[in-house]
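Data first, discussion second: the structure below is written as structure tokens.
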Amino acid sequence: MTAAAKSIYYFGFYLYVTGLTLIFIPNPFLATLQIPSTNEVWIRVVGVLTFCLGYYYHRSGTENIKSFYKHTIPTRVLVFIAFTSFALLKYVSPIIIGIGAIDLAGAIWTWTALNKEK
């Protein structure tokens with residue numbers, strides 16, 4: 001498995017864990033981000049979607065689908081920008097920037113690995 005494939009593969013596991021957490025125990029996760037608890041289904045829907053994204057990442061890393069790797073970079077950077085903006089606009093606690101930073105770090109890892117493969 002190439003370094004780029006590993007960056008995608010392991011990011012998939014991060015998404016699996018995040019998705020399962022949002023599905024089964026969302027309120028402790030929300031509390032960590034200083035977001036109010038909820039009993040509404042929307043957070044579990046987000047968890048299912050996150051888990052499904054994890055599957056795409058995991059399987060794409062396993063099958064070495066380079067075109068997918070390239071397409072994940074701008075979207076993961078966007079997550080960082082969006083989460084940082086939400087914190088600056090005081091929609092949420094600045095702690096959410098840390099979650100966005102994980103996406104940014106993953107994007108940088110993938111981008112760096114792809115450039116080394118050239």
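All residue numbers in this chain count up from 1 along the given sequence. Any value given below was found using the heavy atoms of this structure, including those in side chains, with hydrogens, waters and symmetry copies removed.
Judged by distance alone, with hydrogens and angles left aside, the side-chain atoms of Thr72 form a donor-acceptor pair with the main-chain N or O of Tyr69 at under 3.5 Å. One N or O on the side chain of Ser7 and one on the backbone of Ala4 form a donor-acceptor pair closer than 3.5 Å. For Arg76 (side chain) and Asp103 (main-chain N/O), no donor-acceptor pair under 3.5 Å exists by modelled atom type. In this structure, the side chain of Asn64 does not engage the main chain of Thr2 through any donor-acceptor pair within 3.5 Å.
When the side chains of ILVMFWY residues are joined at heavy-atom separations under 4.5 Å, either directly or via intervening members, Leu88 and Val79 end up in two distinct hydrophobic clusters. Clustering ILVMFWY residues whenever any of their side-chain heavy atoms sit less than 4.5 angstrom apart, transitively, puts Ile35 in the very cluster that holds Leu89. The same ILVMFWY cluster, assembled from side-chain heavy atoms under 4.5 Å apart, contains both Ile97 and Ile81. Residue Ile73 is not grouped with residue Leu78 when hydrophobic side chains (ILVMFWY) are merged at heavy-atom distances under 4.5 angstrom, including chains of intermediate members. A continuous path of ILVMFWY side-chain contacts below 4.5 Å connects Leu15 to Tyr55, so both sit in one hydrophobic cluster.
Atom CZ in Phe86 sits 14.0 Å away from atom CD1 in Ile99 (nearest 0.5 Å). Interatomic distance, Phe29 CZ to Ile43 CD1, rounded to the nearest 0.5 Å: 7.5 Å. Atom-to-atom distance recorded for Leu104:CG and Phe83:CZ is 12.5 Å, nearest 0.5 angstrom. Of the inter-residue distances, the one linking Leu49 atom CG with Ile23 atom CD1 reads 9.0 Å to the nearest 0.5 angstrom. Atom NE2 of His71 and atom NZ of Lys66 lie 13.5 Å apart (nearest 0.5 Å). Atom CD1 of Ile102 sits about 11.5 Å away from atom CZ of Phe80, to the nearest 0.5 Å.
In plain terms, the two heavy atoms of Lys6 and Trp109 that are nearest each other are O-CH2, 4.0 Å. Nearest approach of Pro26 to Leu22, heavy atoms of both residues: CB-O, 3.3 Å. Closest of all the heavy-atom pairs between Ile96 and Leu33 is CA-CD2, 4.2 Å. The shortest heavy-atom contact between Leu30 and Thr38 is CD1-CG2, 3.8 Å. The two residues Thr62 and Met1 come nearest to each other via the heavy atoms CA-CE, 4.3 Å. In plain terms, the two heavy atoms of Ile8 and Ser60 that are nearest each other are CG2-CB, 4.3 Å.
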- request: Verify ring-ring contact (aromatic ring centres under 6.0 Å, His included) between Tyr57 and Phe68, making sure each step is shown before the conclusion.
  value: CA-CA 8 Å; Tyr57 276 77; Phe68 179 80; 5.1 Å; yes
Side chain to side chain contact (heavy atoms under 4.5 Å, CB included) between Val92 and Gln34, worked out
CA-CA 7 Å; Val92 293; Gln34 298 178 357; over 6 Å; no
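Crowding of Phe13 atom CZ: a count of heavy atoms from other residues, nucleotides or ligands under 6.0 Å exceeding 12. Within 6.0 Å of OH in Tyr56 there are 12 or fewer heavy atoms belonging to other residues, nucleotides or ligands. For Asn39, the CG atom is loosely surrounded, since the number of other residues' heavy atoms within 6.0 Å does not exceed 12.
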